[in-house]
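Have a look at the structure below before the remarks.
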Amino acid sequence: LPPPFPTTHNPTSPPPPPPSPTPLPRRRPAAMSWYEGTVIGHMDALGKKTEWREKTGKVVQYGAKLAAYVLENDLEHKGEAVDRLKKLSKLVSASRKIFKLGKFLKHFEDIEDVLAETQFPTIMWIDLAMNFAKDVTENIETITKYGFLPKSYGVIMGKKAEDIADFTKMIQCAVSFCATLIEIGRMEDKIKNCSDPKKLKKLNLKNSFLYWAQIKYVTDGLKCAASLGYSWAPSKRGAIICGLIAGIADARKQSMKHWDKNGAGYTSALDPYLF
């Protein structure tokens with residue numbers, strides 16, 4: 001039988017083009033990759049995370065607010081520094097609220113996990129609903145407070161939109177605290193039964209996130225209770241400190257989560273509550 005294709009070249013036809021060389025993988029210049037793996041490289045990766053910037057801004061906001069409070073009330077300083085710190089706190093607060101616009105959309109991806117829950121489905125559904133309601137009420141407050149929409153659109157929540165948002169967040173913190181207790185129990189069971197060092201490192205990191213989430217829920221809940229004026233809530237100074245601690249807990253999670261670009265992250269060495 002003849003071959004399926006001609007094995008010799010026809011002299012009347014032009015020669016076939018030479019095969020194109022296989023492209024080499026693109027490499028970053030050595031001058032551009034010197035900082036990878038260094039503190040500068042890690043900080044560069046963190047700076048590209050919007051959520052990390054928002055959580056770090058919370059530390060700046062309440063740090064400036066606490067400094068202004070101490071200068072004004074404890075040191076009786078009435079100078080320009082107090083006004084600057086107060087303005088800084090308000091500006092960062094406004095930017096954080098804008099960063100969180102549309103944050104409620106991320107909770108749709110949690111529905112699958114809640115549907116798969118078999119032991120405590122009720123509390124997980126309530127936790128999902130309260131997180132969704134918290135973000136929606138905060139977004140409504142933001143778009144009406146900062147002029148994205150006319151204030152008449154805020155009729156859904158009325159004149160006390162900020163109080164409604166704080167109350168919703170306070171209830172969400174209480175529910176999420178209970179849900180986190182369940183997750184901590186499950187995570188510690190996984191740690192006890194794990195023998196793989198690499199997997200154990202990631203489990204310990206996730207467990208530390210859960211413990212710090214508890215700190216965040218307690219302090220954020222107390223801060224909201226103080227803004228609502230409950231008699232059992234902390235004082236103004238205490239509320240500011242609670243906000244600062246909650247910000248540190250949030251920023252710690254985002255920093256440790258994204259510090260290593262390979263996903264290994266940072267492992268707490270001593271206790272889940274410590275760095």
Side-chain angles (χ1 to χ4, degrees), residues 50-55 57-58 61-62 92-184 209-230 232-234 239 242-243 245-247 249-251 253-254 257:
T50 303
E51 193 169 5
W52 179 82
R53 293 199 300 270
E54 187 266 316
K55 300 305 182 185
K58 188 174 184 178
Q61 173 191 344
Y62 284 98
V92 176
S93 175
S95 65
R96 287 185 56 242
K97 289 179 181 294
I98 294 172
F99 271 135
K100 291 191 288 186
L101 286 176
K103 185 181 176 182
F104 65 91
L105 296 173
K106 77 171 188 176
H107 297 302
F108 285 101
E109 66 184 21
D110 299 329
I111 294 178
E112 185 176 356
D113 294 333
V114 177
L115 288 172
E117 176 64 36
T118 56
Q119 290 183 307
F120 305 97
T122 302
I123 190 170
M124 294 303 176
W125 276 112
I126 296 175
D127 182 44
L128 176 64
M130 291 309 304
N131 274 279
F132 188 87
K134 182 259 296 182
D135 289 337
V136 169
T137 52
E138 285 183 346
N139 283 181
I140 294 175
E141 177 199 355
T142 299
I143 62 178
T144 55
K145 182 177 182 179
Y146 295 105
F148 288 95
L149 290 175
K151 291 189 176 181
S152 58
Y153 283 80
V155 70
I156 302 173
M157 294 169 58
K159 294 182 179 180
K160 295 186 177 181
E162 187 174 354
D163 290 343
I164 295 175
D166 285 336
F167 181 80
T168 306
K169 186 174 183 178
M170 183 181 68
I171 301 300
Q172 174 265 322
C173 287
V175 175
S176 295
F177 182 87
C178 298
T180 305
L181 288 176
I182 299 172
E183 295 178 5
I184 287 175
F209 289 164
L210 295 174
Y211 276 105
W212 276 78
Q214 286 183 308
I215 298 175
K216 171 200 177 318
Y217 294 139
V218 171
T219 51
D220 260 343
L222 290 173
K223 176 178 67 68
C224 292
S227 66
L228 292 169
Y230 288 108
W232 49 269
C242 283
I245 295 174
D250 275 334
K253 177 181 178 180
Q254 295 301 319
K257 185 176 180 181

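Side chains are part of it too, since the values below use all heavy atoms of this structure and drop only hydrogens, waters and symmetry mates. Just so it is clear, the model here is predicted, and its values are computed rather than measured.
Every side-chain contact (heavy atoms from CB on, under 4.5 Å) that L101 has, sequence neighbours left out, goes to I98, N139, T142, I143, F148. Under the salt bridge (Lys or Arg N to Asp or Glu O under 4.0 Å) criterion, K223 pairs with no residue, sequence neighbours left out. Residues passing the side-chain contact (heavy atoms from CB on, under 4.5 Å) test with I123 are F120, C178, I182, sequence neighbours excluded. Residues forming a ring-ring contact (aromatic ring centres under 6.0 Å, His included) with F132 (at least two apart in sequence, or on another chain): F104, F108. Residues satisfying the salt bridge (Lys or Arg N to Asp or Glu O under 4.0 Å) criterion with K97, sequence neighbours excluded, are E141. With sequence neighbours excluded, the residues satisfying side chain to side chain donor-acceptor pair (under 3.5 Å) with Q61 are R96. Under the side-chain contact (heavy atoms from CB on, under 4.5 Å) criterion, I126 pairs with T122, M130, V175, sequence neighbours left out. In this view, D220 and K58, K169, K216 satisfy the salt bridge (Lys or Arg N to Asp or Glu O under 4.0 Å) rule, not counting sequence neighbours. Partners of A233 according to the side-chain contact (heavy atoms from CB on, under 4.5 Å) rule, which considers only residues two or more places apart in sequence or in another chain, are A225, A226, Y230.
Looking at I215 and F177, their side chains never come closer than 4.5 Å, going by heavy atoms from C-beta outward. Residues V92 and S95 meet the side-chain proximity criterion, which asks for heavy atoms closer than 4.5 Å.
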Handout entry: Worked check of side chain to side chain contact (heavy atoms under 4.5 Å, CB included) between H107 and L128
Key = CA-CA 7 Å; H107 297 302; L128 176 64; 3.9 Å; yes
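Residue C242 comes nearest to L222 through the heavy atom pair SG-CB, 4.0 Å, listed as atom of the first residue, atom of the second, then distance. Looking at every heavy atom in both residues, I184 comes nearest to Y211 through CG2-OH, 3.7 Å.
Of the inter-residue distances, the one linking T168 atom OG1 with E138 atom CD reads 9.0 Å to the nearest 0.5 angstrom. Taking CD1 of I164 as the reference point, atom CD1 of I140 lies at 9.0 Å (rounded to 0.5 Å). Rounded to the nearest 0.5 Å, atoms CE (M124) and CG (D110) are 11.0 Å apart. Atom SG of C173 sits about 12.5 Å away from atom CD of Q214, to the nearest 0.5 Å. L210 CG to K253 NZ: the interatomic distance, rounded to the nearest 0.5 Å, is 7.5 Å.
Residue pairs that meet the salt bridge (Lys or Arg N to Asp or Glu O under 4.0 Å) test with at least one member in residues 114-132, sequence neighbours left out, are E117-R186.
Without hydrogens or angle criteria, S227 side chain to C224 main chain gives a donor-acceptor distance under 3.5 Å.
Atom CZ of F99 has more than 12 heavy atoms from other residues, nucleotides or ligands within 6.0 Å.
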